[in-house]
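Fair warning: this is a prediction, and the values are worked out from it, not measured in the lab. Along the sequence shown, residues are numbered consecutively beginning with 1. Atoms within a ligand are numbered from 1 in the order they appear, just like the ligands themselves.
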Amino acid sequence: MADKIKADKAPLLEVKNLQMHFPIYGGLFKKHVGNVYAVDGVNFTLNQGETLGLVGESGCGKSTTARAIAQLHTPTGGEVLFEGQNIAGKTGHELLAARQDMQMIFQDPYASLNPRMTAGNIIAEPMQIYKKRGMLEITKVQITERVEELMEKVGLSKHFRNRYPHEFSGGQRQRIGVARALSLNPKLILADEPVSALDVSIQSQILNLLKDLQIEFNLSYLFIAHDLAVIEHISDRIAVMYLGKIVEISRSTDLYSNPLHPYTEALLSAVPIPDPEVEKNRKRIILTGDVPSPDIQRPGCAFYERCPRAMDRCKKEMPVLTEITEDHQVACFLHEK
Ligand code: SF4
């Protein structure tokens with residue numbers, strides 16, 4: 001996959017200084033008293049056919065990043081260049097046109113599927129919406145054929161099209177979510193923890209399905225997970241997020257063999273190793289406390305309060321993402337050149 005990435009030129013998606021701040025209102029008169037800095041200056045690119053894993057603990061801003069890219073939240077600042085066009089803040093027809101090529105898969109397939117609609121209607125709905133708006137030329141018969149074809153592609157019998165979500169297992173429901181996301185033939189899929197709610201045995205089936213579909217349709221994925229174990233085999237590159245910022249971004253193989261940021265090291269030390277001897281002898285890095293509240297903009301490193309290797313200057317100065325080797329960037333004073 002890596003060679004294919006090099007061959008492609010302009011990135012499909014370029015996120016520049018993306019910010020998503022939510023206002024906090026308080027007091028008797030519900031005055032604006034501050035902000036939650038959920039996403040605070042995120043930059044990355046994603047190429048056609050590539051998978052970028054976005055990893056970090058709950059509350060670090062991963063899902064908000066995906067939602068701000070899809071314009072489900074209007075970004076506070078920054079640019080979202082999709083095929084070179086900035087779609088940040090776009091609405092109406094322009095946004096719908098971009099969304100045709102950019103679809104989302106959600107974490108909880110049960111909550112994200114309308115329980116009163118059949119599987120067939122759920123998968124057909126995006127095509128019907130775009131047809132109604134005059135943005136897709138397709139007949140009723142073609143929609144039915146496409147639904148059946150997509151069901152078979154994701155490993156569901158077309159004969160299940162009149163069943164309701166509660167009649168499917170968790171894994172099957174996520175397959176319906178995948179088929180729906182594919183219905184408009186997108187280029188990019190924003191997959192927000194698509195396997196986190198599933199049993200481990202089912203997780204690998206869905207991951208394999210996503211990999212097969214990527215090859216068949218040359219899809220790009222922004223694949224969000226809270227656990228590095230899940231994204232190891234699906235990601236070409238991985239971005240590690242902490243408190244609204246990317247703290248390390250690298251080729252997947254480099255990140256697992258040579259993590260540079262203390263937070264990445266801690267996340268990796270929690271990934272189980274199949275060899276029991278190695279697993280028994282390795283050192284775990286236990287992080288104390290939770291991700292701090294994102295309602296304060298800190299002058300220093302966002303990870304300072306939990307970092308086992310913090311120095312005095314880390315409290316006062318903010319490290320910026322710096323290229324260490326080709327395609328490997330980290331924001332940490334331990335790796336200053
Ligand atoms: Fe830790 Fe300092 Fe590096 Fe931040 S800059 S990760 S506090 S060593």
Side-chain angles (χ1 to χ4, degrees), residues 15-21 34-45 52-65 77-78 222-232 235 237-273 282-337:
V15 174
K16 287 186 179 175
N17 195 24
L18 186 68
Q19 292 160 21
M20 194 64 242
H21 302 165
N35 293 305
V36 171
Y37 301 95
V39 178
D40 202 17
V42 161
N43 295 285
F44 63 81
T45 57
L52 177 70
L54 190 58
V55 74
E57 289 161 285
S58 295
C60 72
K62 319 172 293 269
S63 298
T64 311
T65 300
L222 179 68
F223 195 101
I224 292 170
H226 59 264
D227 171 350
L228 274 166
V230 168
I231 51 173
E232 180 170 5
S235 305
R237 285 186 301 134
I238 294 180
V240 179
M241 223 175 149
Y242 189 80
L243 216 58
K245 292 180 167 38
I246 289 179
V247 296
E248 184 164 5
I249 183 163
S250 142
R251 292 231 162 241
S252 178
T253 42
D254 291 350
L255 193 100
Y256 287 89
S257 61
N258 183 28
L260 298 178
H261 197 282
Y263 181 55
T264 315
E265 286 178 328
L267 288 181
L268 267 178
S269 82
V271 174
I273 293 175
R282 82 185 172 133
K283 211 174 109 216
R284 277 254 149 77
I285 303 168
I286 312 285
L287 288 178
T288 50
D290 296 321
V291 180
S293 170
D295 57 359
I296 302 165
Q297 275 189 316
R298 289 156 178 79
C301 174
F303 192 51
Y304 173 78
E305 283 137 312
R306 301 171 80 196
C307 181
R309 299 163 73 184
M311 304 165 279
D312 277 351
R313 71 179 286 206
C314 307
K315 195 176 180 177
K316 298 175 221 128
E317 290 173 54
M318 188 176 299
V320 291
L321 267 183
T322 309
E323 187 157 290
I324 305 299
T325 55
E326 202 200 347
D327 292 326
H328 197 157
Q329 295 176 297
V330 66
C332 173
F333 294 129
L334 294 170
H335 301 284
E336 257 180 345
K337 282 193 169 169

Set of salt bridge (charged side-chain N to carboxylate O under 4.0 Å, His left out) partners for Glu323, sequence neighbours left out: none
Looking at Phe333, is Arg313 sitting on its ring face, NZ or CZ under 6.0 Å from the six-membered ring centre and within 45 degrees of the normal? yes
Could you tell me whether Glu265 and Arg309 have a side-chain N and a carboxylate O separated by less than 4.0 Å? yes
So that I can tick it off, tell me whether Arg298 and Glu305 are bridged by a salt bridge, with the cut-off set at under 4.0 angstrom between side-chain N and carboxylate O. yes
Less than 4.5 Å apart, side chain to side chain, heavy atoms only: is that true for Leu260 and Asp254? no
Protein N/O/S atoms closer than 2.8 Å to atom 4 (Fe) of ligand 1: Cys301 SG
Where do Glu248 and Tyr242 land on the side-chain hydrogen bond (donor to acceptor under 3.5 Å, both in side chains) test, with the steps shown first? CA-CA 9 Å; Glu248 184 164 5; Tyr242 189 80; over 6 Å; no
